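Only one structure is covered here, and it is reproduced in the block below.
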Amino acid sequence: MSYDLLVFAPEKAPDTREEFLSWWEETSEWSEDHSYDDPKVSAPKLQAWFLEMIKTYPAMNGPFSSEEFPEDDSTVTDSSVGKDAIYAAFAWSKAEAAYEHVFSLTAKHQLGFFDASSETAAVWLPDGKGGLMISHQGEPSDTDDSDA
């Protein structure tokens with residue numbers, strides 16, 4: 001299992017929670033007619049985000065992968081690159097640092113951010129001021145399994 005984050009073109013994703021989750025479910029079928037390891041298919045802002053991201057978290061596959069970083073290196077990241085979204089899977093040991101780095105670059109490039117691995121699966125959108133704001137999120141699940 002991996003720690004998963006999604007960066008997306010905010011103008012391409014629905015605004016409401018229910019519609020967003022449906023859009024994400026459809027997007028994650030990865031049925032676009034191209035390879036999913038090359039950012040050349042993505043919107044310009046997503047391409048710029050990807051190229052900056054791989055400086056810290058190298059690509060596992062595709063034209064930007066490098067032999068300098070062995071596949072078992074915990075910074076190597078497996079990404080699925082679509083036209084309107086990039087899904088990045090990180091090692092759990094890098095979860096906190098990856099979150100901070102992805103979030104920062106997402107704000108810089110004014111993209112949307114979906115914390116797919118969090119309990120609330122929060123969706124963030126550009127705030128118009130160079131940052132991000134929560135658009136919507138789910139309720140934390142009840143993790144108490146006791147009958148008390």
Side-chain angles (χ1 to χ4, degrees), residues 1-140:
M1 213 165 134
S2 59
Y3 180 70
D4 305 323
L5 300 172
L6 178 76
V7 176
F8 60 92
E11 67 278 4
K12 299 293 184 173
D15 293 334
T16 67
R17 179 104 183 132
E18 186 175 306
E19 289 174 336
F20 179 87
L21 293 175
S22 292
W23 171 83
W24 167 234
E25 187 174 321
E26 183 178 322
T27 299
S28 66
E29 290 177 11
W30 308 113
S31 58
E32 296 171 7
D33 189 24
H34 58 77
S35 167
Y36 279 92
D37 58 11
D38 191 344
K40 71 179 179 187
V41 302
S42 298
K45 285 183 179 181
L46 285 167
Q47 289 179 30
W49 177 90
F50 181 87
L51 293 174
E52 194 165 350
M53 185 68 190
I54 62 173
K55 292 176 184 175
T56 303
Y57 293 93
M60 179 181 289
N61 301 304
F64 293 96
S65 63
S66 173
E67 292 180 20
E68 288 182 37
F69 300 96
E71 279 193 38
D72 63 346
D73 184 319
S74 64
T75 62
V76 175
T77 302
D78 189 15
S79 298
S80 294
V81 182
K83 293 176 184 174
D84 301 321
I86 298 176
Y87 188 72
F90 300 90
W92 272 101
S93 63
K94 299 295 181 187
E96 187 175 331
Y99 177 96
E100 291 175 14
H101 193 68
V102 171
F103 192 88
S104 173
L105 289 180
T106 302
K108 176 182 176 180
H109 292 281
Q110 290 294 277
L111 293 163
F113 176 80
F114 176 44
D115 188 357
S117 287
S118 77
E119 195 171 307
T120 62
V123 174
W124 298 73
L125 295 173
D127 65 6
K129 302 172 191 170
L132 299 175
M133 63 181 180
I134 290 182
S135 174
H136 48 82
Q137 62 185 347
E139 294 296 320

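Here the structure is a predicted model, which is why all the values come from computation and not from measurement.
Put simply, CH2 on Trp23 and CG on Asp84 are 6.5 Å apart, with the number rounded to the nearest 0.5 Å. Note that the CE atom of Met133 and the CG atom of Asp127 stand 6.5 Å from one another [nearest 0.5 Å]. Distance OG/Ser79 to CG/Asp4: 10.5 Å, rounded to 0.5 Å. Atom-to-atom distance recorded for Tyr57:OH and Leu5:CG is 10.0 Å, nearest 0.5 angstrom. Rounded to the nearest 0.5 Å, atoms CH2 (Trp124) and NE2 (His136) are 12.5 Å apart. Interatomic distance, Tyr36 OH to Ser31 OG, rounded to the nearest 0.5 Å: 5.5 Å.
Looking at every heavy atom in both residues, Leu125 comes nearest to Pro10 through CD2-CB, 3.9 Å. Taking both residues in full, the closest heavy atoms of Val81 and Asp38 are given as CG1-O, 3.7 Å, listed atom of the first, atom of the second, then distance. Of all heavy-atom pairs between Arg17 and Val123, the closest is NH1-CG2, 3.9 Å. Summarising the geometry of Leu46 relative to Ala85, their closest heavy-atom pair is CD1-N, 3.6 Å, with the distance given to 0.1 Å. Contact detail for Tyr87 and Ala116: the closest heavy-atom pair is CE1-CB, 4.4 Å. For the pair Ser74 and Lys94, the tightest heavy-atom approach, listed with the atom from each and the gap, is OG-CE, 3.0 Å.
Thr75 is listed as a side-chain neighbour of Pro58, based on a closest heavy-atom distance under 4.5 Å. Side-chain contact between Lys108 and Glu52 is present, with at least one heavy-atom pair separated by less than 4.5 Å. At a threshold of 4.5 Å between non-hydrogen side-chain atoms, the residues Pro126 and Leu111 do not count as touching. Taking the side chain as every heavy atom from C-beta outward, Thr77 and Phe90 approach each other to under 4.5 Å.
Residue-environment remark: CD (Glu11) exceeds the threshold of 12 foreign heavy atoms within 6.0 Å.
Residues Phe113 and Trp49 keep their aromatic ring centres 6.0 Å or farther apart.
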Show me the side-chain donor-acceptor pairs of residues 95-106 shorter than 3.5 Å, one per line, residues at least two apart or across chains.
unit_1, atom_1, unit_2, atom_2, d
His101, NE2, Thr56, OG1, 3.3
Thr106, OG1, Val102, O, 2.6

side-chain contact (heavy atoms from CB on, under 4.5 Å) between Asp37 and Phe64, intermediate numbers included: CA-CA 9 Å; Asp37 58 11; Phe64 293 96; over 6 Å; no
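For Asp78, the side chain to side chain donor-acceptor pair (under 3.5 Å) criterion is met by Asn61, not counting sequence neighbours.
Judged by distance alone, with hydrogens and angles left aside, the side-chain atoms of Trp30 form a donor-acceptor pair with the main-chain N or O of Ser28 at under 3.5 Å.
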